[in-house]
Amino acid sequence: MGIVDVIFWLISAAAIGGALLVVTVRDVFRAALALAGSFLAVAGIFFLLQAEFVAVAQILVYVGAVSIVVAFAILLTRDISQGNRTQGSRVIVVGAAIMAVLFVVVVGVVAYDTDWSDRDSGLTNPDAIAALTGTYEAFERPSGEVVLVASTDPDAALPGVFVDSTGWLGGLIVRDYVLALQALGVLLLASIIGAIALVREQAPE
Amino acid sequence: MSSVTAFTASGQELAAEIETIAPRAVTATGDFDAWVAPDRLIDVMTGLRDAGFEMLIGVTGVDYIAYFEVVYHLLSLSQNRRAIVKVRCGEGRIDPVVPSVMEVWRGAELQEREVYDLMGIRFEGRGQMKRIFLWEGFEGHPHRKDFL
Amino acid sequence: MPDPFDSVLYRHIYCTLSSTADAQCEGVGLFGGGLLPGGFEWLAFVLTGVIIVAALINGILGAVLLMIWGERRLLGRLQGRTGPNRWGPFGLLTPIADAVKTMFKEDVVPTVSDRLVFTLAPILMLFPALLVYAVLPIGHGTWLADINVALLFIVAIGGANVLAIVAAAWGSGNRYAMFSAMRAVAMLISYEIPLVISLVGVIMLSGSLSLVAIVNAQTIPFFIIQPLGFFVFVVASMAELNRTPFDVAEAESEIVAGYMTDYSSMKFGLFFLAEFAATIATSGVITVLFLGGWHGFDPIPSQIWFIAKMVGVLALIVWVRASWPRLRIDQIMAFAWKALFELTLINLVVSGLLMLAWPSPSTTELWYMAGINWLVFIASIILFGKLLGPKHDPVSAGNVQRDVTLSDSDAPAIPSGGGG
Amino acid sequence: MPLATEPITINVGPQHPSTHGVFRMRVTFDGEEVIDVEPIFGYLHRGSEKLAESRTYTQIVTLTDRMDYVASMNSNMSYILSVEQLAGIEPSPRGVWLRMIAAELQRIASHLVATGFFLQDLGALGTPLIFTMRERELVLELFERLCGARITSSYMRPGGVFMDAPDDFWPALDRFLAEMPHRIDEYEQLISGNEIVMVRCDGVAVVDSQTLINASVTGPMLRASGVDWDLRHRQPYEYYDQIKFNRPLATASDNYARYIVRVHEMRESLSIVRQCIEQIEPGPVRPKEVPALIRPPAGDAYVGTECPKGELGFYLVSDGGVAPYRCKVRAPSLINLTLLRDMLIGYKLADLFVTFGSIDINMGEVDR
């Protein structure tokens, strides 16, 4: 068991422990903080998997925005001077059942969908290293300095081999899936407009 | 040095002016002041305000042992003169009361509260009086002569 | 994938400790290297990390102490007074005395507080401020980690301190703190957007999110090529930092000390530390992104160049703090959405078009870009100043006397007969 | 569908950085917006008026110092004028000129404090406040030369002042008069045209002059609404009728107008001091015939003077004894707060303190 495994188990324990705290702690605000901690631990797992972009996006969106909005909503909806800070749910069995089903589905899909055949072909495989270096392109800066830039062509990399995930994701988003991205933007815009329309105060008659 | 009193209406002038506003309201006159009957106070004050005394400079309570007196200092910005109107709140020391002039001048709001708090003169017609400097439940009114 | 040996710090410490035969260790490492016996490479790996992190954190704390001193001295100078000068040469030991005093103060915990959250909040506040330094390159080959999404990482981590503010507000159960948290969250949501978009121009020019790559790409400092992006980034960072004129979250003349109202002793000290650490980190980020990072000319080491530029940015921040009053929260919001957001969009479009014209610009083409961008910058600033500025133009000479007339007439103050 | 929001009530003060002393407001907010304000007074109530009833007329001067402690000379002057009116004392000319010089210097000091704290309430981190305090220090040093005291001066006596100005006072005063206009220009450059100050103050807390007059508001607040009312000009006391000066008027009646009127009044005060220096002549500062223990005839007197905060007047009732029978202070700081609620409702939390600062009160005078 290498040091990476130790770190992996620690982070996983943090993520799962945080998630358990969220549903067991009775104080809602502490639950919100535990949620943020859990999100952060998940970001740590992404870092460990060298998916930096996903990890940072996880921090930016979930720790930086979602948990803050959750905490903020708790702060505003419960008067800070009132002692009422606890949570409780009577439908815990139903919730647990739903979550269990969802969990099994997600794990099942991931397990079924992953090609497990070359999971050990990491950086030790000479072919993979060759493929990896092949995915970089020389790029000349204005200063004349030559730097290596990750290729944005996903086909150039062998399966299971690490490539510069950020550049690769960028290529996917703005080339292959640009239409989906635009549709997503329109959807978000519509939801923002809808939210504004909902909270807009009616003009006095 | 110009005398400050040059800008203050003499008691006779003031009494004559009040007479045109509210006949027989003046009970006595002094050098620079006129006493009016408490029940005519609102009429007199409304009339004086409309006659040009736009500003109520001060409201003061004085404890003369036999009776309480409320002194109103008025100021006319347009005519550049002052007037002093005084009211005796009846005989005796128990529950002195005068009508409130808050309807006439907004500026009476805090000053009447101060007089009530420290002198114990109640002002009628402006709702429940509230203490201003001392806390609710304070016993007595410190500016009275019998408060030591 | 970035190599840890790119970092000079890492290389020197690792090679001193480890007796590896790694080619990277040729000729580096003190005492001829190999302090640890063979086979202990993993221990060298761990120790190197611990040493670097410890050195970095202590370096930051030292820098914070220096900055507290520097800020107070500079504020003193700007306000026409001396500033702290009693304790140590030039008052240099004053922050240490302050720290000792803070530590020995009574640690008051309000009875209505949520004790756990109350205690956790200062720690939560400090940790994002320190994490930024993990990716900040402070000199040629002097950095902790060169991750390829460093820029996004900084933005993501920078927003996390609002969680600490909300936690502090909730934990102390104080309504001033609640106001502070409301304002901080509103400001974060508004200013994060122009902050991120203003960086797109830099990313386009450098072609990378890695801070090391961005510094390497700056043959001309980017603030010359990207004036609009620079302006928006500096303003938005000051808003994120809660510095004047955007310090509504801890506006002392309004909500006492905001989320810090109930804190005392070292818990307050941690907030204070976090605030200054974040200020230093932000000025470091500004230096890296727009001022050419560690670039300078030769006899002076690159680290000194970096620190000099950073101190310049810090001085600018203190200067602004000393000069300007605070904006109101609605004006701050309006400024973010009506001015900064549009300015970043203008910058985005103009930069995109320029990059389309010169996909891999030479130095001359970069100067062309700079010229066009400066024209756009000046034009748009003037335009937005006209659109959003105060109704009374403060620039015109007569305005200082706005509406004030010196009366010497003896006419009645108000027309006669005007009743109350 | 209007959003259902819950108002929050906060006690602002009595310990708060921006309440200029121990003032307390119970403020109800809807979000950031003020929907109700209830001022609560009395945290600094020391019963000065009651104390005055057991002091001699000369001893009361020290009580007046402690009312408006940033404008003690003006309080002194107002009280002394009432006593002179009550007892029929004719003051010595040199004493009167010295009183005027002291009062105008004090007005500058008080306006410096007012503008400094006003800008501090705006969120300027100390800089304007420290600048104004630096200049106020110059005035206080002059007072130190003049009477040995800096804040609670007790300089004036019925009939004049208690001692003549020392010789080194006059050159120091000349230096101050030469220096001060530049300092005022400096504030104007720093702050008066500043965009942030403008957007924060322009059109905030506007009250029309009719309401102000009806609510007995006097002083710079009234002049900022365009009413040309200055007692020094309209009802001259002391030798103000021998002085030519202008009254700065603004029409906007907002926070900025109240600020800028004060800045201009400082310039006018400097001009008044200059004219006083030109006209002052050697002589006694206090007539010999004024007794040590004044026993005014029975009666009452009220003299209002133009203090930095508005009309300050002492209503004195004498029963012929050595102490006043009743001493009532018409305190502008208290009365100018009458409109506080109206001026704040509908504005934001941040405007609350700016507006409060622009009224310029002193808790020593509010509570007495």
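Just so it is clear: chains get the letters A, B, ... in the order the sequence lines come, proteins before strands, and each one is counted from 1.
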* To do: Pick one of side chain, backbone, both or neither for V162(C), based on which atoms fall under 4.5 Å of a heavy atom in chain A.
  => both
* To do: Identify which part of I68(A) has an atom lying under 4.5 Å from any heavy atom of chain C, answering side chain, backbone, both or neither.
  => both
* Do N161(C) and E240(C) have side chains that get closer than 4.5 Å, going by heavy atoms? -> no
* Between CH2 on residue W367(C) and CD1 on residue I225(C), distance to nearest 0.5 Å -> 8.0 Å
* Tell me, side chain or backbone of E365(C) under 4.5 Å from chain A's heavy atoms, or both, or neither? -> neither
* Asked: Side chain, backbone, both or neither: which part of L124(C) has an atom under 4.5 Å from a heavy atom of chain A?
  -> side chain
* For the residue pair F118(C) and Y263(C), is the inter-centroid distance of their aromatic rings smaller than 6.0 Å? -> yes
* Pairwise side-chain contact, M355(C) with M369(C), heavy-atom cut-off 4.5 Å (strictly under) -> yes
* Largest heavy-atom contact set with chain A, pairs under 4.5 Å, which of I157(C), V185(C), L120(C) -> V185(C)
* Structure fact -> Taken to the nearest 0.5 Å, the spacing of F341(C) CZ from L195(C) CG works out to 13.0 Å
